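A short write-up of the structure that comes next.
Model, not experiment: these values are computed from the prediction.
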Amino acid sequence: MKVEIEAPNEFQGTIVGQINQRKGNVANVDTRESSVVIDCEVPLDSMFGYSTDLRSVTQGKGEFSMEYFKHSPTSKEKQEAMVAEYQKQFAVKKK
């Protein structure tokens, strides 16, 4: 997902840290007067709950928008976890 985040300057480091924790890539950082605009790409499944986290770290002053950008394959670890879960459920149904 293409994500654009706008918040006061003093929260820039914290926001970039959050994006990194969510496996995102920061594409551009732009400063406008007393705010910062961060453009980044973040996997959709990592964005659930982000609104609450952003408002928490920015004292309610941060906003973000999100739009579809491109389809990317899921990580190897996530694929293996999904296959294991499916096999576990399939084994239970088979009994």
Side-chain angles (χ1 to χ4, degrees):
M1 300 301 289
K2 182 178 176 185
V3 180
E4 181 180 274
I5 305 164
E6 185 170 356
N9 284 333
E10 64 260 25
F11 303 112
Q12 178 179 348
T14 307
I15 293 169
V16 170
Q18 280 187 330
I19 296 303
N20 290 331
Q21 285 178 341
R22 293 173 181 269
K23 301 177 185 162
N25 296 319
V26 176
N28 187 37
V29 178
D30 187 27
T31 304
R32 299 179 187 164
E33 296 179 16
S34 62
S35 66
V36 64
V37 177
I38 301 170
D39 295 315
C40 52
E41 293 177 30
V42 185
L44 176 60
D45 67 338
S46 298
M47 289 302 293
F48 293 105
Y50 184 64
S51 178
T52 303
D53 292 346
L54 178 64
R55 294 200 188 275
S56 177
V57 300
T58 62
Q59 301 169 1
K61 299 173 186 172
E63 299 177 345
F64 79 100
S65 63
M66 184 170 61
E67 66 182 64
Y68 178 79
F69 181 62
K70 65 180 179 181
H71 181 80
S72 298
T74 187
S75 68
K76 183 79 169 163
E77 297 83 26
K78 188 158 222 136
Q79 287 178 14
E80 290 170 354
M82 289 170 36
V83 167
E85 180 64 27
Y86 174 78
Q87 289 174 338
K88 182 179 166 184
Q89 289 178 359
F90 185 73
V92 169
K93 287 181 182 179
K94 199 173 186 181
K95 288 183 179 181

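A search for salt bridge (Lys or Arg N to Asp or Glu O under 4.0 Å) contacts involving K78 returns D45, not counting sequence neighbours. Looking at residues two or more places apart in sequence or on another chain, you find a side-chain contact (heavy atoms from CB on, under 4.5 Å) between E85 and K88, Q89. In this structure D39 satisfies the salt bridge (Lys or Arg N to Asp or Glu O under 4.0 Å) test with no other residue, sequence neighbours excluded. When the side-chain contact (heavy atoms from CB on, under 4.5 Å) test is applied to V57, the partners found at least two apart in sequence or on another chain are T14, Q18. N9 meets the side-chain contact (heavy atoms from CB on, under 4.5 Å) test with T31, V36; sequence neighbours excluded.
Under a 3.5 Å cut-off, the side chain of E4 and the backbone N or O of V37 do not form any donor-acceptor pair.
Legend: salt bridge (Lys or Arg N to Asp or Glu O under 4.0 Å) pairs involving residues 9-20, not counting sequence neighbours: none detected. Applying the side chain to side chain donor-acceptor pair (under 3.5 Å) rule to pairs touching residues 57-70 yields nothing, sequence neighbours excluded. Among pairs with a residue in residues 23-67, those fulfilling ring-ring contact (aromatic ring centres under 6.0 Å, His included) read Y50-F64, at least two apart in sequence or across chains. Applying the ring-ring contact (aromatic ring centres under 6.0 Å, His included) test to pairs two or more places apart or on separate chains, none has a residue in residues 12-36. Annotation: ring-ring contact (aromatic ring centres under 6.0 Å, His included) contacts involving residues 10-40, sequence neighbours excluded, are absent.
Note that the OG atom of S72 and the NZ atom of K23 stand 13.0 Å from one another [nearest 0.5 Å]. Distance CD1/I19 to CD/E41: 11.5 Å, rounded to 0.5 Å.
In terms of heavy-atom proximity, C40 sits nearest to I5 at SG-CD1, 4.2 Å.
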